[in-house]
Protein chains: 2
Amino acid sequence: METLRKRRGTGRVTLADVAKSAGVGAMTVSRALRTPEQVSDKLRDKIQQVVEELGYIPNQAAGALASGKSDSIALILPSFTDKICCDFIPFFQEILNQAGYQLIIGYSSYSITQEEQLLSTLLANNPAAVVLFGSEHSAQTVKLLKNSQAAVLEIAEINELCIDLNVGTDHYQSSKEMTRYLIKQGFQKIAFVGARSEQSILRKQLRGWQAAMLENYLAPDHFLTSNDEPNIELGSEGVAKLLLQQPDLDAFIFSHEEIAMGALFECQRRVLQIPKDIALTCLDGSTFSEKCIPRLTSIEINYAKMAKKAARRLLERLTGEDQGTSKQIDIGFKLCERASS
Amino acid sequence: METLRKRRGTGRVTLADVAKSAGVGAMTVSRALRTPEQVSDKLRDKIQQVVEELGYIPNQAAGALASGKSDSIALILPSFTDKICCDFIPFFQEILNQAGYQLIIGYSSYSITQEEQLLSTLLANNPAAVVLFGSEHSAQTVKLLKNSQAAVLEIAEINELCIDLNVGTDHYQSSKEMTRYLIKQGFQKIAFVGARSEQSILRKQLRGWQAAMLENYLAPDHFLTSNDEPNIELGSEGVAKLLLQQPDLDAFIFSHEEIAMGALFECQRRVLQIPKDIALTCLDGSTFSEKCIPRLTSIEINYAKMAKKAARRLLERLTGEDQGTSKQIDIGFKLCERASS
DNA sequence: GCGCTACCTGATAGCGCTACCAAATGTGTG
DNA sequence: CACACATTTGGTAGCGCTATCAGGTAGCGC
């Protein structure tokens, strides 16, 4: 009987087990799995067979430690319920998974402090890249990122001062364009209702609306914002409050679809004709805007496209094939003109 | 000059650096961070200070390798857009993060093959636990899970044959209860429209509806299912097609809120009075059901509660404090009676 | 044949951390 | 003061894998 004072392995099949069983060296097995082209056909097949036979699953921790590289990518999102996040993740993940990366997802609930804390935990995994939402981060977050050798990607908003890579859209422009469009349609008293008022996205949208109003000599006086998450109540309340304040408002811009939904219900309750009495539009439309009655004019942002561009751009960076490629990608937006205006 | 032929470290601050700088042994630093109560106050403070000074971040891979344990939990969800997933993740993650675990999230798009493939990749991280959605998995998936020493948790559906832990609700019962409720309200010609028809959740809902109809001597003849994801079109189409088939239907049950949304629009288009002409209900209601006009009677499932119970139960298992605790938790559901019926 | 390159394979030495033991230090008892 | 005993600390040997280098084999031209 052996002295087994020292801890033994976990009992799982290791690379060494495969090597012994296949009658080759450990390195050859490692190469057969990681860089198959460096191994002769004969041995590669043999090894592949033994791998399947024994049900070998590589130990990621050991690999990461030995190589100093890691195949994990940290993704910190502010929310999982927001449309952008839900639409973004699957496409992003799919492409990265195919390239052999794992997503580790964290959730900051729109707090830069929580983002920072999460980041420092996630960095313990030594991720190949860190993906952050938005452009607002704590100083410490930025410092941690610069100290780590991880690639950094900021998504959602176009941000001139981005840390490294940046894929997003310009919320100032889209809001401005919507407002201009409404003005061109003959609407004049255009109100704005937005949620997550402390986020820079909303601030940009608000500024876009203001700018378009001012350039047409209209007063951007009627708006309502809340720092809560977008919800149906805000839409109902917004319509109610602003109409009380100024009964002859003729159009509304909502930052999010959920808010527009509440506004639509409120207008139904008041038996207001859309768009005759009032126009409703939103800056973040998708299925509801497209299907409700009447259909809502909205800005549509293609989050699937954003996810794909972001994933591809990130992979370029990780493989080092991104010489001369732009660090910033603006995925644009689409103004969808529909019945509500 | 030293010969530095052998690769050097990554350049990051290591535990050894901290130990040297604090003038203590490496083990003491390790303990100070992992089991602080085993280190004297003086040294613990000293070490903590050096850690902050140097900005030391532990290398998770090394720790996992050395200890054979891992603080990652693999979560494989079928979708990121489904309400259940969006609502589930944040609460689940929050509790587990606080307990020091990291979530690694994968996405199977409702395919058990993809689930299996994802699982085998995720197992390379040697996760402490694997969380799966639903009760349907490939044989290979079950085998992989049994071979790994990871705890296994299946969420969403109550499943008598669960692999290990199980937290969810009974979709057969909730559907049956909704049908019984409608019958008690005097509705008789009750139709069913559901999405994701190949998922066991939908099959259970369909069976619940059928059972309740049959026990009241009503024929469960009018139903429409689609294997697509729930969407607004299916609601509009479902109402249109089934009313064509049987014009005097007096009630509908929809598996998902999105479908009910489409149905509601279709009824508005047809100027049908709800619930006088027709009742609309859904089995997976949340904000829309509660806020739309008229408000929809629906089954509400508390996903936040599900996430919390699931996380707590899992932690009990991981810390081994779950002797005598049930492996299965039914979180129930609530029938919310509203204006639409 | 020899020298040369090109390719394949394997032995070795870590990657940074923690389990394990052993040693050192403090604490209380006879 | 010697002794057992608990508490705190440190040295050592891996965890399973890969980078690196060295050795081996094959193919080619002279």
Side-chain angles (χ1 to χ4, degrees), chain A residues 2-47 51 54 56-71 100 123-126 149, chain B residues 2-47 51 54 56-71 100 123-126 149:
Chain A
E2 278 188 281
T3 39
L4 29 79
R5 294 176 309 146
K6 283 290 170 183
R7 70 205 134 128
R8 299 136 305 147
T10 50
R12 276 172 55 162
V13 179
T14 71
L15 188 138
D17 296 334
V18 176
K20 197 184 294 176
S21 173
V24 298
M27 258 330 285
T28 308
V29 177
S30 176
R31 274 192 285 256
L33 297 173
R34 216 145 304 281
T35 50
E37 71 280 3
Q38 287 181 23
V39 177
S40 66
D41 294 0
K42 209 184 75 185
L43 281 188
R44 184 161 10 90
D45 292 350
K46 170 81 184 157
I47 288 168
V51 162
L54 299 183
Y56 169 66
I57 292 182
N59 182 326
Q60 164 55 31
L65 180 60
S67 69
K69 289 173 210 150
S70 127
D71 62 359
L123 283 178
N125 286 292
N126 195 25
Q149 54 268 355
Chain B
E2 278 188 280
T3 39
L4 29 80
R5 293 176 310 147
K6 282 291 168 184
R7 69 206 135 128
R8 300 137 303 150
T10 51
R12 276 173 55 163
V13 179
T14 71
L15 188 139
D17 296 335
V18 175
K20 198 185 292 175
S21 173
V24 298
M27 262 326 289
T28 308
V29 177
S30 176
R31 274 192 286 256
L33 297 173
R34 219 144 302 279
T35 50
E37 71 281 3
Q38 288 181 22
V39 177
S40 66
D41 294 1
K42 209 184 76 187
L43 279 189
R44 187 167 0 97
D45 292 350
K46 170 81 184 158
I47 289 168
V51 162
L54 299 183
Y56 169 65
I57 291 180
N59 181 326
Q60 164 55 31
L65 181 60
S67 69
K69 289 173 211 151
S70 126
D71 62 358
L123 282 179
N125 286 291
N126 195 24
Q149 53 268 355

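All of these numbers come straight from a predicted model, not from anything done at the bench.
- Put simply, CG on A:L33 and OG1 on A:T28 are 11.0 Å apart, with the number rounded to the nearest 0.5 Å.
- Rounded to an integer number of Å, the gap from CD1 of B:I57 to C1' of C:dC17 is 16 Å.
- Taking both residues in full, the closest heavy atoms of B:P36 and B:R44 are given as O-NE, 3.0 Å, listed atom of the first, atom of the second, then distance.
- Between the CE atom of B:M27 and the P atom of D:dT7 there is a distance of 18 Å, rounded to whole Å.
- Residue contacts for A:G68: at a heavy-atom cut-off of 4.0 Å it reaches no nucleic acid atom on any strand shown.
- Rounded to whole Å, the distance from CG on A:N59 to P on D:dC15 is 12 Å.
- Regarding A:L15, its CG atom lies at a distance of 11 Å from the P atom of D:dG16, rounded to whole Å.
- In this structure, CG on B:L65 lies 5.5 Å from CG on A:L65, to the nearest 0.5 angstrom.
- Rounding to whole angstrom units, NZ of residue B:K20 and C1' of C:dG16 are separated by 14 Å.
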TODO: Please test B:N126 against B:K69 for side chain to side chain contact (heavy atoms under 4.5 Å, CB included), starting from the C-alpha separation and ending with a verdict.
DONE: CA-CA 8 Å; B:N126 195 24; B:K69 289 173 211 151; over 6 Å; no
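- Distances shown here put every side-chain N or O of B:S67 at or beyond 4.0 Å from the OP1 or OP2 atom of C:dA19.
- In this structure, B:K69 places its NZ atom 10 Å from P of C:dT18, rounding to the nearest Å.
- Atom-to-atom, CG of A:N125 to C1' of C:dC15 comes out at 16 Å; the value is rounded to the nearest Å.
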Open item on the list: Between B:Y56 and B:L15, does the side chain to side chain contact (heavy atoms under 4.5 Å, CB included) criterion hold? Intermediate values first, please.
Closed with: CA-CA 7 Å; B:Y56 169 65; B:L15 188 139; 3.6 Å; yes
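- In this structure, A:D71 CG and A:Q60 CD are separated by 4.0 Å, a value rounded to the nearest 0.5 Å.
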Could you list the protein-to-nucleotides 7-9 of chain C atom pairs, N/O on both sides, closer than 3.5 Å?
residue: C:dT9; atom: OP1; partner: A:S40; partner atom: OG; Å: 2.7
residue: C:dT9; atom: OP2; partner: A:S40; partner atom: N; Å: 2.9

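- Rounded to an integer number of Å, the gap from CZ of A:R34 to P of D:dC17 is 9 Å.
- Distance from the side chain of A:A66 is smallest to C:dG14 among C:dG14, C:dT18, D:dA19.
- Under the Watson-Crick and G-U wobble criteria, each requiring two contacts below 3.5 Å, nucleotide D:dG29 is paired to C:dC2.
- D:dA6 and C:dT25 make up a base pair, with Watson-Crick or G-U wobble contacts both under 3.5 Å.
- With rounding to the nearest 0.5 angstrom, the NZ atom of B:K46 is 12.5 Å from the OG atom of B:S40.
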